[in-house]
A.B. asks: 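Before anything else, here's the structure in question.
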Amino acid sequence: MTKIAVFASGTGSNYDAIIEAEKNGVMDAEVALLVCDTPNAKVLDKANEYGTPTFAFDPKQYRNKEMFEAKLVEILQLEKVDLIVLAGYMRLIGETLLRPFEGKIINIHPSLLPSFPGLDAVGQAFDAGVKVSGVTIHYVDEGMDTGKIIAQAPVQIEDDMTREDLQKAVHQVEHTLYPATIQKLITRGE
Ligand code: GAR
């Protein structure tokens, strides 16, 4: 069975969706580890509730990115993780982690890339006044939201929608698209 590590920094609603998909058999994979770079993040409470093993770390306690990524590689290899799923992990992945997991790290981004990369993509789309935004799942490379696109789904922005409405609609799409896409990758043996 494919072993997944979910990386998250905050609330973890996508982690929730992935766990639910595992429980309901929508996704034929085991979430073997939750990695979190924010020691008090809500997602850690959720992981404890669900019984997912966690590795929480404070990047400030390491000399540099190479040091904490080397630690992550050690843990991920020990756990025999096949696929790293970034779910609101608000940090660029560096060479140290990318190299051993080339083609095995995916990310979800709350816009239709290449539009609105980077932080607060929902706010960027809202402020730009676009009528369609959406969700992208892509492979991770060294750039910011630049890797090869795997899946996308649109979200219509109606005239009476608030920023919060858009955030909610984007999350809703994410919660089905991410588990379904992970399952597709597993079926294809990627
Ligand atoms: C998600 O909307 C995800 O697309 C976004 O962070 C949110 C995390 O929500 N990721 C990025 O913006 C990455 N560039 P969650 O913690 O509730 O899963």
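Each ligand, and each atom within it, is numbered from 1 in the order the structure gives.
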A.B. asks: For residues 2-13, which side-chain donor-acceptor pairs fall under 3.5 Å, sequence neighbours excluded?
C.D. replies:
from	atom 1	to	atom 2	distance (Å)
K3	NZ	E79	O	2.9
S9	OG	D37	OD1	2.9
S9	OG	G88	O	3.4
S9	OG	M90	N	3.0
S13	OG	H171	NE2	3.4
S13	OG	H175	NE2	2.8

A.B. asks: When you look for protein heavy atoms under 4.0 Å from ligand 1, which residues do they belong to?
C.D. replies: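 Contacting ligand 1 under 4.0 Å are T11, G12, S13, N14, G88, M90, I108, H109, P110, D145, H171, E174.
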
A.B. asks: Can you name the side chain to side chain donor-acceptor pair (under 3.5 Å) partners of D45, sequence neighbours left out?
C.D. replies: none

A.B. asks: Side chains of T96 and E66: any donor to acceptor distance under 3.5 Å?
C.D. replies: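 Checked: E66/T96 side chains show no N/O donor-acceptor pair below 3.5 Å.
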
A.B. asks: Return the set of residues passing ring pair (Phe, Tyr, Trp, His ring centres under 6.0 Å) with Y15 (not counting sequence neighbours), or none when no residue passes.
C.D. replies: Y50

A.B. asks: Salt bridge check: are K148 and D141 linked by an N-O gap of less than 4.0 Å?
C.D. replies: no

A.B. asks: With the threshold set at 4.0 Å, does a side-chain nitrogen-carboxylate oxygen contact exist between K104 and D82?
C.D. replies: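 Salt bridge between K104 and D82, a charged N being under 4.0 Å from a carboxylate O: no.
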
